[in-house]
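Heads up: the structure comes next, in structure tokens.
Every chain is numbered from 1, with letters handed out A, B, ... down the list of sequences.
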2 protein chains.
Amino acid sequence: MKGKATSFDIAHLAGVSQSTVSRALRDSPLVKQETIDKVKAIAHQLNYKVDKHASSLRSQQSHTLALLFFEDPTTDDSLINPFFFAMLASITQACAKQGYDLLVSFQQLSNDWHADYEDSHKADGIILLGYGDDIESQPKLAQLKQQGTRFIRWGPESDTGLSISCDNRLGGYQATSHLIERGHQRIAFVGNASKHYPEFFDRYQGYVSALLEHQLAVEPALQQDAITTEDAGYQSTKQLLQGDAEFTALFAASDLIAIGAIKAIKEAGLKVPGDIAVIGFDDIPIASYTSPALSTIRQDTKLAGEVLVTTLLSLIKEEPVESITIATNIVVRSST
Amino acid sequence: MKGKATSFDIAHLAGVSQSTVSRALRDSPLVKQETIDKVKAIAHQLNYKVDKHASSLRSQQSHTLALLFFEDPTTDDSLINPFFFAMLASITQACAKQGYDLLVSFQQLSNDWHADYEDSHKADGIILLGYGDDIESQPKLAQLKQQGTRFIRWGPESDTGLSISCDNRLGGYQATSHLIERGHQRIAFVGNASKHYPEFFDRYQGYVSALLEHQLAVEPALQQDAITTEDAGYQSTKQLLQGDAEFTALFAASDLIAIGAIKAIKEAGLKVPGDIAVIGFDDIPIASYTSPALSTIRQDTKLAGEVLVTTLLSLIKEEPVESITIATNIVVRSST
DNA sequence: CTGAAAGCGCTTACAG
DNA sequence: CTGAAAGCGCTTACAG
């Protein structure tokens, strides 16, 4: 036998038809157990594997999922938010568990970033991951949906399509409540708080609700926009520090922002948490190594990856599905 | 037009045969430029994409590469060395640049971890990434090679197959020389120094050569085994600290080990770098956030990913290829 | 420069 | 329970 074995080779050796081999390999109830056993034994012996391209072409489904990262084109493309690596690992594992392959792309959203995938039948569905301007990506999502692509997004629920998200509002509430419990009354919020960045906006909402619950005023001067980079956190905090509004604690909308904030605070000759307590969001690996170690809100990436994959699979099978929100937990370390 | 457009739809609209469409789409010199333009215009208009499964099945090549992580089964599977994420990002980008897709798998090496890939025609070649016991993985690699699978490995050159690696020996030499220049004479090495972990062993060789070059003795008591985890670094350093051999500097075979080492040193009531200077290897993102910020040896992951992909592609095209070694650079921060 | 035809290796009605 | 046959959507000799 030269080259890869085919189902015909097995059929020949097993003394059955190729159709029967195909059925036996997939445990069809139509085939006698005895035949199944015989076929499988020979297949194993020949180190035979079903040719995915042939079966995908014929059955019109590929048993692979695509993972697309979309980020603001402005961010340095060599720097991916570490948070997404945790998601990637968990998504990969969840795919493997379901017998699906995972195609990964970090490409930034080009004009037909979507087209390259499902359209070309490479994947049965798409998982979308990324922090980016939500308002800008909506039209693309709408287009995806309109052309019948199965996809699921990590992020807050929106009009377009299915999404899985952590409970950002709860997280924001937990972070802020923790700060209030520590005796802080003037708490700054660093991160975009607009519909452009709904995840941050939800975290901000949680911040506001915790403040109000404790009869504390929400001061616009204590909120400063920042996208999720260390540098943005650094710049924004510097501005906050130079402003008139005083504060003894700072809630950063992401760990990366928090790290930049701590840098700015230290540069101003202040101590964390002595002068200003800082809490982040995400619990990226770096968080436990910063000095001081960063208190933060943990998102359950392990669960998130699983839910993302299983829900997308349900969508593909046309089972009923719904957007899901996953609870967050606070991780208290030394920065608060 | 319902469903996805096929090359026949285009042929019909363009008034040419389907064969011509297929050729035109791939810029065949056999086709008149005018025809090419017309065909492409219609294809674009229909949002047509070549069906990858059909073309792969026919041409017997998939234009996708597979990335396999193999790690010691003993390590916690949720924790992947951050260093590999940088590699992953760069490999993904390099693949995209070459027009190849990337299939990712974190699965641990099962009995037929290899078979699932190339055998099933899903990928044209495999990139192997991971720290694991080298002696144990050799037989599997040999099997891969024997069955004609195209693959490339990140790691020191070995008998089995092609590999790309950073110059571990040079890195070890740079790290140790740096410590010596800082006035240290008694330098510990934490990391496995055996053929089981050839990357570490090479770093150790570099350490030895720097020592010898400066007429310093190589003391076995100053070397302590550790695999590449924070915990291993912590435990090994603790043992070293409790031993009789004194040292004022420590070269950790990886950043993760270095972080564990710093923890152990601090716990012993000693200062870094005051009492013991520490240098790591890898330059993972965390390295610049530890306290003190970690001096380390940087591996050029950007270049590594590109070389890995382009060399594998050359191998697939049966062009002449050879294993390549990439130079390392020292990054001096506050821990030395 | 273009077209008609074969065939990649499967899955799945259809017929028995 | 099994087999003969069609066909998924391409690429590529072969013929002109």
(request) With pairs defined as Watson-Crick or G-U wobble and both distances under 3.5 angstrom, please note down DNA chain D as a dot-bracket string, | for pairing with another strand. (result) |||.||||||||.|||
(request) Would you kindly give the CG-to-P distance between A/D51 and C/dC8, to the nearest whole Å? (result) 12 Å
(message) The criterion is salt bridge (charged side-chain N to carboxylate O under 4.0 Å, His left out); which residues satisfy it with A/E157, sequence neighbours excluded?
(response) none
(request) Considering only atom C1', compute the distance from C/dG16 to C/dT12 and round it to an integer number of Å. (result) 16 Å
(request) Round to a whole Å and report the spacing from CZ of A/F8 to C1' of D/dA5. (result) 10 Å
(request) Can you sort out the partners of A/T310 under side-chain contact (heavy atoms from CB on, under 4.5 Å), two or more places apart, ordered by chain and number? (result) A/Q98
(request) For B/R23 and B/S19, test the side chains for any donor-to-acceptor distance below 3.5 angstrom and give the result as yes or no. (result) no
(message) Could you work out, with salt bridge (charged side-chain N to carboxylate O under 4.0 Å, His left out) as the rule, every residue matching A/E318, not counting sequence neighbours?
(response) A/R150
(request) Quickly work out the B/K38 NZ to C/dC1 C1' distance and round it to whole Å. (result) 13 Å
(request) Would you kindly give the CD-to-P distance between A/E34 and D/dC1, to the nearest whole Å? (result) 11 Å
(request) Apply salt bridge (Lys or Arg N to Asp or Glu O under 4.0 Å) to the pair B/K317 and B/D124, showing each step before the final yes or no. (result) CA-CA 10 Å; B/K317 290 177 200 139; B/D124 296 331; over 6 Å; no
(message) Without decimals, in angstroms, what is the distance between A/H53 NE2 and D/dG7 P?
(response) 24 Å
(request) Indicate for each nucleotide in nucleotides 11-16 of chain C, in 5' to 3' sequence, whether protein heavy atoms under 4.0 Å reach the base (B), only the sugar-phosphate (S), or nothing (-). (result) BBB---
(request) Would you kindly give the CG-to-P distance between B/L57 and D/dG7, to the nearest whole Å? (result) 17 Å
(request) Assign the ring pair B/W154 / B/F83 to parallel, tilted or perpendicular, where the plane angle (0 to 90°) is split at 30° and 60°. (result) tilted
(request) Output all residues satisfying ring pair (Phe, Tyr, Trp, His ring centres under 6.0 Å) with B/H63, sequence neighbours left out; order by chain, then residue number. (result) B/Y100
(request) Using atom NZ of A/K49 as one end and atom P of C/dC8 as the other, report the distance to the nearest whole Å. (result) 22 Å
